[in-house]
Amino acid sequence: MADTTMTSQKQIKRPFLSPINQRRWQNFKANRRGYWSLWIFLGLFVLSLFSEFIANDQPILVSYKGEILTPVFVNYPEEKFGGFLARTDYTDPFIQEEIESNGWMIWPPVRFSYRTVNKEVPTTAPSKPAFMFDTREELCARYAEGVNDPNCTFGNFNWLGTDDQARDVFARTLYGFRISVLFGLILTALSAVIGVAAGAVQGYFGGWTDLILQRIIEIWSSIPVLYILLIMAAVLPPGFWILLGIMLLFSWVGFVGIVRAEFLRARNFEYVNAARALGVSNRTIMFRHLLPNAMVATLTFLPFILNGSITTLTSLDFLGFGLPPGSASLGELILQGKNNLQAPWLGFSGFIVISIMLSLLIFIGEATRDAFDPRKTFV
Amino acid sequence: MTGAQDNNTQAAPLLSVRNLAVDFTQGSTKTRAVDGVSFDIAARETVALVGESGSGKSVTANSILKLLQYPAASHPHGEIIFDGQDLMKAPDAELRRVRGNDVTMIFQEPMTSLNPLHSIEKQIGEILRLHQSVPDAKIRSHTISLLDQVGIRDAEKRLTAYPHQMSGGQRQRVMIAMALANTPKLLIADEPTTALDVTVQAQILKLLDSLKQKSDMSMLFITHDLAIVRKIADRVCVMTNGKIVETGPTEEIFNNPQHEYTKHLLAAEPKGNPPKLDTSSPIIMKGDAVKVWFPIKKGFMRKTVDHVKAVDGIDVTVRAGQTLGIVGESGSGKTTLGLALSRLISSEGKIRFDNDDIAARSFREMRPVRKDLQVVFQDPFGSLSPRMSIAEIIAEGLEIHSPHLSRTERDQAVVTALQEVGLNPETRFRYPHEFSGGQRQRIAIARAMVLTPKFIMLDEPTSALDMSVQAQVVDLLRDLQKKHNLAYLFISHDLKVVRALANEVVVMRNGKVVEYGPSEQIFDAPKTDYTKALMAAAFDIETAPEGVVAD
């Protein structure tokens with residue numbers, strides 16, 4: 001009983017954010033550009049997490065003979081609908097008719113996934129964006145029944161055109177955005193964990209530990225990353241996690257410097273000495289007393305590292321050493337733009353998505369820096 | 001606003017502050033730091049502005065030359081009339097002419113007030129050139145005569161020295177030389193001796209007084225130390241919470257204080273007597289020929305060529321229920337000795353704690369001993385982790401030394417410890433920044449007490465606190481000692497506090513013991529010149545003959 005009153009008291013005494021964090025949040029909000037960027041970015045990111053429900057070549061929901069099916073999650077063989085393929089092609093007019101006569105289906109707003117090849121491209125691939133066509137007739141020229149074809153609908157038009165393999169550019173940018181941001185986030189998080197740990201050990205123990213590790217890091221960071229990637233690409237099959245692993249080998253170094261400096265500064269703080277005098281173990285001192293100090297510097301740095309990671313992935317894709325062929329990648333889109341100068345929508349779409357993504361992250365980074373700036377007490 | 005009018009000079013005062021107010025804006029909140037302050041300074045008069053920290057005395061002084069952070073600070077009303085001119089309304093160019101010319105300031109921290117990258121010749125010369133347009137050829141001789149005036153020996157040789165090559169007292173002398181360079185009419189001294197040793201403090205005060213006599217200056221002296229006020233000021237203004245509560249001639253204020261707050265300040269000296277010396281009680285801590293030498297390395301191979309002997313072979317004994325005081329000037333090795341005894345830095349020599357030899361133990365092996373051997377540090381603002389609540393801070397030691405306690409038991413121990421140091425246990429979920437300096441020092445003491453130690457090393461626990469708070473902390477420490485039969489090692493440069501707490505005293509200088517004995521003997525019949533000089537400086541603010549103490 002006493003325990004419950006204790007916790008309730010605790011909740012009253014402690015607001016969700018400590019006063020210093022409340023001030024930081026106020027400072028963050030005061031930077032209007034960064035604040036809006038955060039919401040826009042979060043909106044785009046959450047939307048892109050649900051890409052399968054926005055752009056997919058499979059319906060979200062199908063009702064067939066009284067049964068509710070979810071093709072997004074479950075792969076139904078075609079024999080369920082009277083076909084013969086192992087994977088149902090819902091764009092096939094025969095299957096569509098079969099489903100429509102025995103129930104209904106709900107399509108996502110865009111009926112292409114990032115790897116769906118549009119078999120009814122209005123012109124030869126790369127085909128230009130739908131809004132650049134003058135009439136519906138032109139757009140639906142390849143469909144069996146022309147303008148009256150049930151598939152000649154909004155969702156089947158390529159609103160940003162197609163690439164040179166007749167894949168929908170909008171779907172590819174959507175999925176490409178998601179994979180870039182996820183890659184960046186995972187890489188940044190993992191490098192932060194390793195980099196902070198290494199910097200903490202160096203800064204806290206100092207002396208020879210610091211000296212030797214620092215020299216190792218200097219040698220390590222002078223290895224040219226691109227060559228390692230080229231060599232590894234020849235040995236290992238390129239993939240999301242392999243790429244992430246190789247880049248992680250080098251990207252953690254960026255955090256060591258700042259964390260080390262913070263720990264070197266803070267290890268002689270009086271409350272750290274006080275903790276030592278209490279007999280607190282080194283690990284606890286590092287985690288409980290010193291890490292919060294270093295976190296400010298690290299968090300300030302984080303959005304910029306995130307941006308760097310995304311740029312690296314994009315440029316590797318552009319050079320052809322990135323994600324395996326066929327995956328949704330913004331770098332590959334830019335490369336196609338370069339190779340197909342007659343199709344400017346490829347380059348433009350890629351450029352706009354990348355620049356918006358990076359700008360939003362930089363604006364958020366600026367606002368974060370403002371938020372943690374201790375001198376910004378007075379407005 | 002009428003009471004201040006009755007000063008005995010007939011002519012108009014040199015400086016007259018009328019109904020001054022200062023607001024600070026932070027975000028959407030406005031704080032009034034100074035609220036309707038009025039006072040006058042006549043020519044050749046020294047006025048002291050006394051108050052505890054946060055009373056608004058420094059803000060008042062900085063407002064005179066409009067040296068505050070201006071978009072954040074503002075003056076809703078008030079006049080500052082200097083020499084017939086209202087500085088509050090004066091344009092910036094006019095203010096710049098007054099600053100450093102007619103009115104100059106010296107600050108508390110002489111290290112940060114001087115530019116570390118320029119020699120003192122350059123820094124003093126710059127002022128002469130800027131304000132007085134002294135011809136370049138004469139600047140050097142002018143500078144030397146200024147340094148002579150402020151009592152820097154071998155002034156000519158010291159011209160090329162950089163601030164870090166000088167002691168704190170010498171740096172403050174240079175600051176004064178810079179302030180005097182333009183023969184100001186008013187000198188504002190903002191706690192000029194607070195960062196200095198008592199012996200040096202006495203020298204600087206003497207210098208300021210003699211310079212004032214010689215050059216017909218007025219002085220506004222800001223301090224929290226009443227002993228200094230009594231020594232130097234003609235008139236006193238007592239400030240608290242942004243208001244002047246009492247003004248009057250020094251003698252009158254000291255002999256016949258009217259306001260409650262003034263009485264409280266005057267009564268705030270640490271009082272009481274230490275427990276009787278008892279040489280039969282068990283020895284808790286015994287250091288035998290303790291040495292801490294820091295190597296000086298030189299050359300390409302970093303060979304050790306010499307040592308800084310911070311602590312050079314010292315024997316100490318601390319008994320249960322007794323307090324050993326360690327006194328000395330800054331740099332004499334007091335704190336280093338304390339850290340060595342509590343095994344926070346490496347040292348040579350024997351250290352026996354509770355009949356265990358702990359000198360050779362590793363950090364890990366020391367951990368069980370730490371329960372009985374606790375430390376309270378000087379700075380209550382620095383020694384509490386700002387990101388932990390009070391309950392977490394106090395419970396941290398318990399987690400290590402009594403891991404078997406349940407959450408409720410631990411919380412109970414925290415509550416008891418807080419009650420013991422006189423804090424409301426309800427406040428234990430707050431963060432350190434929500435407490436005042438004195439409360440924080442109580443929290444630091446609670447953190448040590450919760451482990452029920454046998455020995456506490458107190459490293460200047462009162463020197464960062466206001467006078468009235470010091471007295472309370474001293475009383476608290478004495479009560480705790482009596483109750484738990486604690487052994488204290490009390491390190492301080494403040495002899496008044498030592499006298500109130502310690503029954504044995506070690507006087508240290510340059511890492512060596514100068515005098516060691518029962519405190520009555522040390523305080524009432526000091527044997528060495530050095531101890532005598534320390535006593536004179538601390539209790540009467542008298543300077544010692546040259547060479548006995550540092551300068």
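When each of B:Val375, B:Leu384, B:Val376 is checked for heavy-atom pairs under 4.5 Å with chain A, B:Leu384 comes out on top. Note: A:Leu278 leads A:Val280, A:Asn293, A:Leu278, A:Val272 in heavy-atom pairs under 4.5 Å with chain B. Top candidate by heavy-atom pairs under 4.5 Å with chain A, chosen from B:Pro453, B:Pro368, B:Pro386, is B:Pro386.
The existence of a salt bridge linking A:Arg288 and B:Glu392 is excluded, since no basic side-chain nitrogen approaches an acidic carboxylate oxygen closer than 4.0 Å.
A 4.5 Å side-chain heavy-atom check between B:Lys371 and B:Thr452 finds at least one atom pair inside the cut-off. B:His404 has its side chain within reach of B:Ser402: a pair of non-hydrogen atoms, C-beta onward, lies under 4.5 Å apart.
B:Ser385 touches chain A through backbone and side chain together, each having a heavy atom under 4.5 Å away. Only the side chain of B:Leu451 comes within contact range of chain A, with at least one heavy atom under 4.5 Å from a heavy atom of that chain. Within the 4.5 angstrom heavy-atom criterion, no atom of B:Phe381 approaches chain A.
Side-chain rings of A:Phe263 and A:His289 stay apart, their centers remaining 6.0 Å or farther from each other.
In summary, of the residues considered (A:Leu248, A:Leu302, A:Leu306), a side chain to side chain contact (heavy atoms under 4.5 Å, CB included) with A:Ser191 occurs for A:Leu248 alone.
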